[in-house]
Each structure stands twice: as structure tokens, then as C-alpha cells.
Asks: 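Sharing a structure below in C-alpha cells format, with a few things to ask.
All values below were derived from every heavy atom in this structure, side-chain atoms included, with hydrogens, water molecules and symmetry-related copies excluded.
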Amino acid sequence: MELRSHPDRLLPADPRVRSVASRLHASVADLPLVSPHGHVDPAVLADDVPFADPATLLVTVDHYVTRLLHAHGVPLWRLGLRSARHDDPPPAAPREVWRTFCEHWPVFAGTPTRTWLEAELTELFGVTMRPSAQTADALFDQLCARLAEPAYRPRALYERFGLEVLATTDDPVDDLDAHRRLADDPGFRGRVVPTFRPDHYVHPDRPGWTGDLARLAEAADVDTGTLAGLVAALEVRRAYFSEHGATATDHSPPDAGSHPLTTGEAERVYAAARAGEAIDAELTALRQHLLFELARMSCDDGLVMQLHPGVLRSHHRPTLEAYGPDTGHDIPVATELTRALRPLLERFGTHPNLRLVVFTVDEDVWSRELAPLAGFYPAVYAGVPWWFLDTPDAISRFRRAVTDTTGFHKTSGFVDDTRAFCSIPARHDMARRLDCGYLAGLVAEHRLDEDEAIDLARDLAYDLPRRVFRL
């Protein structure tokens with residue numbers, strides 16, 4: 001069977017509304033892409049080495065793909081991941097990974113991953129064969145031939161995608177060498193900026209926390225033996241990131257608690273945590289105190305604060321021990337924002353420098369908590385659906401849930417949140433189509449004029465993410 005990506009995909013089924021949505025989409029389809037939150041390795045662009053094969057590029061690095069295949073009984077080593085367990089087989093060869101992926105193509109039906117993959121394969125690589133056990137080898141060879149062409153090297157694809165700016169996610173101790181090389185290279189016409197993610201250093205219940213503190217102390221040349229020292233070290237590294245183009249920070253605590261401790265109590269708990277003597281409640285209190293401190297730092301230096309609480313990381317310990325984190329087994333939990341963020345927002349929610357973009361994977365809080373918070377506090381923006389909720393239906397539910405309270409301009413603009421480089425344009429196009437569909441419905445109901453909808457479509461696709469993330 002032929003593989004194709006329909007030109008009207010994701011647009012409203014009602015032909016009258018679809019015609020409006022199609023015109024709106026045409027007005028934004030070719031706008032540059034702004035990617036303010038993602039996880040692409042900047043060295044991919046700095047080195048500009050050709051991608052090795054389609055399995056490594058499209059399957060192994062994409063936990064959206066690997067987690068669903070794992071759910072259907074495919075072990076991760078068969079998808080190219082290397083296990084730390086000595087009794088596990090070595091990673092499957094790329095061609096075998098690709099065969100496994102193609103054999104399981106039907107399991108992606110109805111998922112956004114299927115939509116992105118179809119767009120990547122058809123529009124980027126010119127594939128017309130539907131993946132299957134019978135077509136796997138022919139597709140693998142076709143894609144390998146494509147990837148050997150200069151037009152499919154990372155920098156050439158960056159330009160082809162129309163990327164204007166790409167934000168990465170980086171450890172505070174990173175020397176940012178790849179970012180520096182890109183910024184200094186006159187042959188690279190793009191813009192790649194780092195994002196400061198300090199979770200390793202402000203979550204004292206993480207394994208290896210004291211070792212991480214030592215690494216931070218060395219990078220910042222600041223003694224982290226006291227809490228004041230940790231705060232100073234974080235400030236030094238934030239300044240270093242700002243000097244190298246960063247405009248934002250990224251925070252993923254288990255909850256959004258932000259209650260500050262007194263100076264003396266905070267130092268006492270920090271000392272106990274470093275000594276391994278703090279109880280769980282104290283570790284939580286210290287983490288929440290540090291989130292408050294990080295908001296204070298954003299008021300001082302203007303870095304946009306991205307907050308996405310409510311995920312239980314590495315839910316399956318055997319997978320964590322074998323394959324490490326970020327391999328598809330992070331699971332959402334219920335999230336509370338209103339009480340949790342109140343201490344932070346009472347102190348900083350009207351500060352002119354603070355910009356707090358709050359994401360959630362618990363859509364129950366969209367209309368009940370997130371929209372009302374963004375609808376009152378100047379500092380708060382409602383982060384659009386991401387991760388488990390970056391689906392066509394959830395994106396539409398988000399617009400219906402928050403627009404009554406916040407309008408459009410207190411939302412963040414789309415974030416692709418991906419490690420899969422080639423999925424970036426497909427993800428952005430999906431969001432643009434869905435937003436245009438929502439706006440077309442308002443036009444059809446005579447709640448917006450079409451010229452207003454065209455302006456809003458541009459805001460959502462391009463202007464908002466640039467403005468919200470200070471890009």
C-alpha cells in the first residue's frame with residue numbers, strides 16, 4: 001500500500017470550517033520554526049556528521065517510538081539501546097532495528113507519532129511505500145541512500161526545516177563547546193541556544209547528588225559546602241549560560257511546591273542532606289526552597305523559567321538500571337499548582353522580570369488551575385500541551401479549556417520537546433494545523449473575523465514563542 005500524508009490532515013471534518021482552516025494554515029505554513037524547548041544534541045549540528053542510518057535517526061533516539069514498541073513486547077535492545085546488564089544481548093544492528101519497527105507499524109495507528117512519522121517519511125525523504133515486514137529492507141536502503149546525500153546532513157536539514165532558533169537542554173556544568181563552535185562558525189546561519197537545567201543539583205533526593213555538587217563547585221569555582229555556596233555556584237553558571245545565548249531555564253520537580261525556608265533552617269537541612277542524614281520530608285522542603293530561590297534568580301537575571309512538575313521519573317527500576325533514564329518509562333502523576341505555587345507567586349508573581357511558563361501532563365488542571373493562574377499573574381504563562389499530551393485531541397482540548405480564561409496571548413506557543421531531530425517540522429506543522437482548526441471554528445461561529453484569525457494564527461505559530469521565551 002502507498003504511504004501518503006494527506007494535505008488536509010488534522011483539519012476540521014466540516015467542509016465549511018475546513019476551508020477557513022485551510023486558508024489560515026496556508027498563511028502560517030511557511031513561517032520560520034521557533035523551537036524554544038527541546039533536547040537535540042547541539043553537537044549534531046556543530047559536527048555536521050551525516051546521519052548513520054534511519055534506525056538510529058528515527059527509532060532508537062525517539063522514546064515516543066521505543067516506549068510504544070516496548071509496550072507491545074519488544075525488548076529495548078532490539079531497538080538499538082545498549083543494556084548495562086551483562087546477560088542481555090548487545091544492541092540489535094540498525095537494519096534489524098528497522099525491520100522490527102516496520103513489522104510493528106500498525107501499533108502506531110491513531111497516535112501523533114504515526115502522524116509525525118508519515119510526514120517525515122513522505123515529505124522529507126520522499127518515501128511512498130508503507131512500512132511493513134515486506135518493505136523494510138527496501139525502505140532501509142532507500143533511506144540510507146538519502147542520508148548519504150549532502151542535502152540530508154544535519155545543517156542542511158536545519159535550513160530546510162526553516163528553523164530560526166533551536167533551544168537545547170543542558171547541564172549547568174556543560175562547557176557549551178558545541179554552542180560556541182556554532183556561534184563562531186560563519187558557515188552556520190542558524191541560531192542554537194542553550195537552556196539551563198539544574199535538576200541534578202537542586203533535587204537532594206537524587207542518587208549521586210553530593211557528587212553532582214562537587215562537579216558544580218569545580219565548574220563554577222565556588223565552594224558548594226554550604227547552601228549559600230550552592231546558590232552562588234548556580235548564579236555563576238546561569239551567568240555563563242546567558243553569556244552563551246541562553247534565554248531560559250528548565251525545571252522538572254516531582255511537584256510544584258515552592259515554600260521557602262528560613263536561612264538558618266535551610267542551611268541546617270542542607271548540611272543534613274549532604275551528610276546523608278536528612279529525612280524525606282526535609283529533602284522535599286529543601287527542594288521546594290531551592291525552587292523558590294531559582295525564581296528569585298530569574299527575577300534577577302531575566303532568564304525565562306520553564307516549570308513542568310508532575311512526572312514520576314524512571315517508573316520501572318529494572319529498565320532504569322539497564323538502560324538509564326529518558327528511555328520511555330516516565331509516567332505522569334496528578335498535579336496541584338494553586339497552593340503549591342502560591343509562596344513563589346505571592347513574592348514574585350508580579351515582578352516585571354519573572355516569566356514563568358508552566359507545563360503539565362495532568363490536563364485536569366488546565367481549566368481549574370493553570371488558566372486562572374495565567375489569567376491573573378503577569379508572570380505566568382500557560383505552557384501548551386507537550387509530552388504525553390502533544391496529541392491532536394489534547395491540543396484541541398487545551399484550547400477549549402484555557403482560552404475562555406486566558407485568551408491566546410497568555411499561552412506559550414508550541415514547544416516540540418523532542419530528541420528526534422527530523423520530527424521537528426512535523427510536530428510544528430501538527431500544532432499549526434490544529435490551532436488553525438480551532439480558530440476556524442471561532443470564525444465559523446462568528447466569534448472572530450477571519451483577518452483576526454490570520455493574525456492570531458501567526459501569533460501562535462511564531463510571534464508568541466519568540467516573545468514568551470525572549471528569543
Side-chain angles (χ1 to χ4, degrees), residues 1-35 64 108-128 130 160-162 363 366 382 384-404 407-409 411-418 422-465:
M1 294 290 291
E2 182 181 2
L3 183 71
R4 66 192 187 105
S5 200
H6 197 283
D8 286 338
R9 64 188 180 276
L10 302 172
L11 298 183
D14 184 326
R16 296 167 300 172
V17 183
R18 187 193 310 142
S19 65
V20 178
S22 183
R23 292 194 294 273
L24 297 180
H25 179 253
S27 74
V28 298
D30 295 326
L31 287 176
L33 303 186
V34 177
S35 178
Y64 282 76
F108 296 103
T111 69
T113 304
R114 169 74 170 263
T115 301
W116 303 328
L117 287 167
E118 284 181 342
E120 291 172 67
L121 291 171
T122 59
E123 298 176 0
L124 180 58
F125 292 105
V127 167
T128 58
R130 183 181 296 175
R160 180 173 171 181
F161 294 166
E363 64 177 277
W366 280 342
V384 299
W386 69 304
W387 205 350
F388 289 93
L389 298 178
D390 52 2
T391 71
D393 291 337
I395 290 173
S396 298
R397 289 195 297 269
F398 172 81
R399 289 294 173 206
R400 291 195 297 272
V402 307
T403 305
D404 284 351
F408 294 100
H409 295 99
T411 62
S412 67
F414 183 66
V415 300
D416 52 69
D417 185 45
T418 186
C422 288
S423 74
I424 291 174
R427 290 168 184 253
H428 282 262
D429 182 63
M430 178 188 74
R432 291 177 181 189
R433 289 172 179 273
L434 293 165
D435 283 340
C436 287
Y438 180 78
L439 291 168
L442 298 183
V443 172
E445 295 170 2
H446 305 293
R447 298 166 65 187
L448 275 181
D449 290 333
E450 189 165 332
D451 63 324
E452 293 179 291
I454 288 174
D455 291 341
L456 282 166
R458 178 188 171 90
D459 282 341
L460 295 174
Y462 179 69
D463 294 326
L464 263 178

Asks: Output all residues satisfying side-chain hydrogen bond (donor to acceptor under 3.5 Å, both in side chains) with E450, sequence neighbours left out; order by chain, then residue number.
Replies: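 With sequence neighbours excluded, E450 shows a side-chain hydrogen bond (donor to acceptor under 3.5 Å, both in side chains) to R23, given in chain and number order.
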Asks: Under the rule for salt bridge (Lys or Arg N to Asp or Glu O under 4.0 Å), what residues qualify as partners of D393, not counting sequence neighbours?
Replies: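 With sequence neighbours excluded, D393 shows a salt bridge (Lys or Arg N to Asp or Glu O under 4.0 Å) to no residue whatsoever.
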Asks: Kindly compute the distance separating CG (L434) from NE2 (H25), expressed to the nearest 0.5 Å.
Replies: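 It comes to 9.5 Å.
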Asks: Among residues at least two apart in sequence or on other chains, which ones pass side chain to side chain contact (heavy atoms under 4.5 Å, CB included) with A21?
Replies: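 Expected list: L11, P12, A440.
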Asks: Listed by chain and number, what are the side-chain hydrogen bond (donor to acceptor under 3.5 Å, both in side chains) partners of R4, not counting sequence neighbours?
Replies: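 Residues passing side-chain hydrogen bond (donor to acceptor under 3.5 Å, both in side chains) with R4: none at all.
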Asks: Got a sec, which residues hit salt bridge (Lys or Arg N to Asp or Glu O under 4.0 Å) with R399, two or more places apart in sequence or on another chain?
Replies: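 By the salt bridge (Lys or Arg N to Asp or Glu O under 4.0 Å) rule, R399 matches D435.
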Asks: Who pairs with T418 by side-chain hydrogen bond (donor to acceptor under 3.5 Å, both in side chains), at least two apart in sequence or on another chain?
Replies: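 For T418, the residues satisfying side-chain hydrogen bond (donor to acceptor under 3.5 Å, both in side chains) (neighbours in sequence not counted) are S423, R427.
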Asks: For the OG1 atom of T115 and the CG atom of L10, what is their distance to the nearest 0.5 Å?
Replies: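 Going from the OG1 atom of T115 to the CG atom of L10 covers 5.5 Å.
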Asks: For the residue pair F398 and V384, what are the closest heavy atoms and their distance?
Replies: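 So the two residues come closest at CZ-CA, 3.9 Å.
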Asks: Under a 4.5 Å cut-off applied to non-hydrogen side-chain atoms, are L389 and W366 in contact?
Replies: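 In short, these two side chains touch, coming nearer than 4.5 Å.
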Asks: Heavy atoms, side chains only, cut-off 4.5 Å: are D417 and D390 in contact?
Replies: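 Not touching, per the 4.5 Å side-chain cut-off.
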Asks: Mind checking whether Y462 and P32 have side chains closer than 4.5 Å, heavy atoms only?
Replies: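 Yes; the side chains approach each other to less than 4.5 Å.
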Asks: So, for F161 and C422, which heavy atoms are closest and what is the spacing to 0.1 Å?
Replies: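 Looking at all heavy atoms of both residues, the shortest contact is CZ-CA, 4.0 Å.
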Asks: Salt bridge (Lys or Arg N to Asp or Glu O under 4.0 Å) with R433: which residues, sequence neighbours excluded?
Replies: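 If we apply the salt bridge (Lys or Arg N to Asp or Glu O under 4.0 Å) test to R433, skipping adjacent residues, the hits are D429.
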Asks: Going by side chain to side chain contact (heavy atoms under 4.5 Å, CB included), name the residues that satisfy it together with P112, two or more places apart in sequence or in a different chain.
Replies: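 Side chain to side chain contact (heavy atoms under 4.5 Å, CB included) list for P112, sorted by chain: W116, T391, P392, M430.
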Asks: Do any N or O atoms from the side chain of Y64 and from the backbone of W387 form a donor-acceptor pair under 3.5 angstrom?
Replies: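 Looks like yes, one N/O pair under 3.5 Å.
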Asks: Provide the closest heavy-atom pair for L464 versus F408 in the form atom of the first, atom of the second, distance.
Replies: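 Distance-wise, the nearest heavy atoms are CD1-O, 3.4 Å.
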Asks: Please tabulate, for the side chains in residues 451-461, all donor-acceptor contacts under 3.5 angstrom to protein atoms that are two or more places apart in sequence or on a different chain.
Replies:
unit_1 : atom_1 : unit_2 : atom_2 : d
E452   : OE1    : D449   : N      : 3.0
R458   : NE     : D463   : OD2    : 3.2
D459   : OD2    : H409   : NE2    : 2.9

Asks: Which atom pairs, donor and acceptor, lie under 3.5 Å between side-chain atoms of residues 119-128 and protein residues at least two apart or in another chain?
Replies:
unit_1 : atom_1 : unit_2 : atom_2 : d
T122   : OG1    : E118   : O      : 2.7
E123   : OE2    : R9     : NH1    : 3.3
E123   : OE2    : R9     : NH2    : 2.9

Asks: Would you please name every residue forming a side-chain hydrogen bond (donor to acceptor under 3.5 Å, both in side chains) with D416, sequence neighbours left out?
Replies: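 side-chain hydrogen bond (donor to acceptor under 3.5 Å, both in side chains) check on D416 returns S35, H428.
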Asks: Looking at residues at least two apart in the chain, or sitting in another chain, which of them share a salt bridge (Lys or Arg N to Asp or Glu O under 4.0 Å) with D8?
Replies: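 Testing D8 for salt bridge (Lys or Arg N to Asp or Glu O under 4.0 Å), a comparison that skips the adjacent residues, returns none.
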Asks: Counting heavy atoms not belonging to R160, are there more than 12 under 6.0 Å from its CZ?
Replies: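 Counting neighbours around CZ of R160, more than 12 heavy atoms of other residues, nucleotides or ligands fall under 6.0 Å, so yes.
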